[in-house]
**Student:** 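To start, I am sharing the structure in question, which I have written as structure tokens.
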Amino acid sequence: MRTSARLLLAACWMAAFAMWETPCSAQAADASRFAHADSSSRYVHWIDLYDVDNRRITPESTRPYSPLNTCGRCHDHEVISHGWHFNAFSDTVPAGRTSEPWIWTDERTGTQLPLSYRQHSQMFDPRDLGISAWEMTVKFGDRVPGGGFAAAAEQPSAEDTGQADRRPISGVLENDCMVCHAASGGYDMTARREQIQLQNHAWAATAAIHLGSVNGRADRLPDNFDPADAAQAGKLPQVSYDSRRFDPAGKVFLDLVRKPDNNACYQCHSQQDLSASRSLRWQHDQDVHLRAGMSCVDCHRNGIDHHTVRGFEGEVHPSGQSVATLSCVGCHVSGDVAHTDPRIGVEGLPVSARPGRFGAPMPAHAGIPPVHFDLLSCTSCHAGPPPSDEPGAIMTSLSHALGTATHRPDDQLPLLRSPVFMPLSDTQAVADAAEDRGSAQAARRKLHPHRVMWPAFWGQLDGERIVPLHPESVYTWTRRALRVRRDFVTEVSAQGTEAFNQKVLLALAAIAEQIEGTPVYVSAGKVYRADASREQLLSEPLDEQAMVAWPVGHDVRPANWALGAQGCSECHRPDAPIFTGTLLAAGPAPDESPVQVTMAGLQGIDAQRQRLWNQLFARRDQFKLILVASVAITGLMLLAIAVRWLARPVAQPTQEVQP
Amino acid sequence: MKRWTGVVAIVVLVLLILTTTVLAATAWGSMLRVGHMGSDALVAHMAASGVFVLLVPVTAVIIPRWAARGGATAAGQRGGAIGLAGMVFWCWLAASWLTMATMLASMVQNLGTTGLLTMLSIHRWSGAATVIALLLLIVVGIVSGRSRRAPAD
């Protein structure tokens, strides 16, 4: 009896304790839900794999593994999925500084259309053009690490283009952690790209780390294919797992690193210089930081939220953490000025906010007037190709799918040009967001090296505005008129202006049958449209702001290769390309008198005044001699008068004479 | 000879006043904002500084001689005004020298950013002192001129 009473009492206590404890426990469980090794050592990942239905993968399984269900068991996928690489689709994320757009390129129609879900200047939101997340995934899926638009549930509200959302068949292109976190050489981007091009989106992650071979292709399955139908399920691609990858307990070793290797970054962030002064890859020294032993993620780092630091001056990190010392100026010059008293200087900074991370050298900038630091970003002088009389062509991973083995002619669309020295072209929204941040605003006005492109697309006039039409619809409507088999440039533009005019007129007429407004073609800063009789093709230049530009920060050159290291005349001479360089608009259309704009024009500087200013530097050395003479003569005069004053006779006090 | 010295001195003084006016006008905005000069102001300031650099040593040589030969002998007997004018003149010359020296130091490309900012700051204030000294010199000159004419009246 007494025992029963004790048990009852204990049970009551436990129940009471459990009720009292529950909220705290839940909180603690939330905080510790995901695994933490909490060590600097590398955690060895012998792990179970899970498929999209959370079923454990065995060597006999035929379904692909799901990164979300496998990695997400121990890592907070929800938090990770809001990082910079995945959040473009989100309306709640600030646009941030302008970055390279997704350039929808269709060589058959001469289209190079800059798209961005972020509200960047001169770029078009795919949703406004009726381009669905599915279409974006098909077009650009092989250039994203998964997630974002590739995994988005949202669909465009604009007109339906008739393109079915085939994700029930292809599966979702989930955030694939291994794209970045696989040890160098452990991830096969080519295999991933191949699977994505076959619309085997859910199978891409499995194929890329060679856990097994994937047989079948989702793109061959009809739109009405029902993957839930057991009778048809066998037609979906199947995985044959390599049983040697599994240990006796059924676990698989994934060779992972916490800090992604440079090679992982290069998959999407490489560029190929095509300018006349280009140096071949074996002649090129790469970024000086990498040569010093650093890696991309030493500066472009992130926490579990994956808000990768972009590293520009005035950057505000979404986490609220200061990232000032991860920018050029913060690391090499000033540290985190927001945390210090400017009167004290660097010595007044806490150690963590001081410049000099990784032993970064402190530049003297001897003889460079400080006004330059108010007008130029660090990258203007130190990064990217030096200014040239005519900015050269460039290819990038995101725009030209660098990394895939293919033949790329130098004039392959999209046509990009670099370097162009101009102030940042952020949208007003970005400017407003930074209104109360003096350094961010000041940084916006500085010159930065940019890459630029001119949109080329088929669109319709909407009042004064030109709205691009859905590129796939354009291809369908103009296919018969243009009769291009592969390349608009070689098959239409290269045939001469007359042939171009004729074909474009036919294409515009074909589009006019499908839309209500006036159809136009835009290329290289000009708009082409049919005259009233529809027999002549008229062209007129657009505003120069039709150009799309985004700043670049790499490759950083050694200090003695910086612009100005050899003297003022590198920039301050009448023909200095940083001001006089001329940018010729480039696009698929033939153009005998292309739109031209000088760097000075883009910088808002009067060319005449700039020339006058630079002429003042022409006799600078002689002026220095005159100045030395002048200072010497004046100094001697002052010395002489000082000596005279000191040697002046001192009046003797009058002695009183005693009578 | 004496007459020519007087003409040259007057021409130099007029040029100096004009040049200093341009320098002061173009620098004033930047001094108030403690920022850098705009492009037009900068071009004008640079051009005027070239003339200023030539005029200062000429002024330093000519004006004391002219003052000593002419007005100073007459007015020197009256003491006050010319004594003060001389003092202001040498203050002006010292401020001008400092202004030019900081300009030179900034151009020899040995100083780092901190040094250049210090030079800029000194240049700014010595430039202001030069302008004020020149203004005082003009005022004192006018006052001493009137006092010389007074007995004739």
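Every chain is numbered from 1 and lettered A, B, ... according to where its sequence line falls, protein lines coming before strand lines. All values below were derived from every heavy atom in this structure, side-chain atoms included, with hydrogens, water molecules and symmetry-related copies excluded. Please read all numbers here as calculations on a predicted model, not as lab measurements.
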**Student:** Verify side chain to side chain donor-acceptor pair (under 3.5 Å) between B:S126 and B:T99, making sure each step is shown before the conclusion.
**Tutor:** CA-CA 5 Å; B:S126 63; B:T99 308; 3.0 Å; yes
**Student:** By a 4.5 Å heavy-atom criterion (distance strictly below it), what part of A:L627 contacts chain B: side chain, backbone, both, or neither?
**Tutor:** both
**Student:** Atom OG in B:S106, atom CG in B:N110: separation rounded to 0.5 Å?
**Tutor:** 11.5 Å
**Student:** Using heavy-atom distances under 4.5 Å, tell me whether A:L375 contacts chain B through its side chain, its backbone, both, or neither.
**Tutor:** side chain
**Student:** Please look at B:L93 and chain A and tell me whether the side chain, the backbone, both or neither of the residue comes under 4.5 angstrom of a heavy atom of that chain.
**Tutor:** both
**Student:** Classify the ring geometry between A:F373 and A:H365 as parallel (under 30°), tilted (30 to 60°) or perpendicular (over 60°).
**Tutor:** tilted
**Student:** Determine the option with the most heavy-atom pairs under 4.5 angstrom with chain A, choosing from B:S96, B:P57, B:G50, B:G112.
**Tutor:** B:P57
**Student:** Highest number of heavy-atom pairs under 4.5 Å with chain A: which of B:V56, B:L117, B:L42?
**Tutor:** B:L42
**Student:** So which part of B:L120 gets closer than 4.5 Å to some heavy atom of chain A, the side chain, the backbone, both or neither?
**Tutor:** neither
**Student:** Just so I know, are the side chains of A:Q603 and A:F579 near enough to count as touching, which here means a heavy-atom distance under 4.5 Å?
**Tutor:** yes
**Student:** Pick from A:A632, A:P369, A:A364: which one has the most heavy-atom pairs with chain B under 4.5 Å?
**Tutor:** A:A364
**Student:** Once you round to the nearest 0.5 Å, how far does OG1 of A:T634 lie from CE of B:M100?
**Tutor:** 3.5 Å
**Student:** Can you tell me which of B:V108, B:L111, B:L54 forms the most heavy-atom pairs within a distance under 4.5 Å of chain A?
**Tutor:** B:L111
**Student:** So do A:M547 and A:M422 actually touch side chain to side chain, heavy atoms under 4.5 Å?
**Tutor:** yes
**Student:** Will you find, in the side chains of A:T580 and A:D575, an N or O donor that is under 3.5 Å from an N or O acceptor?
**Tutor:** no
**Student:** Against chain B, work out which of A:V371, A:V631, A:I633 has the most heavy-atom pairs shorter than 4.5 Å and name it.
**Tutor:** A:V631
**Student:** Is A:V628 close to chain B through its backbone or its side chain, or both, or neither, when contacts mean heavy atoms under 4.5 Å?
**Tutor:** both
**Student:** If I measure from the heavy atoms of chain A, does B:M119 come under 4.5 Å with its side chain, its backbone, both, or neither?
**Tutor:** neither
**Student:** Rounded to the nearest 0.5 Å, what separation is found between the OG1 atom of B:T59 and the CZ atom of B:F89?
**Tutor:** 6.5 Å
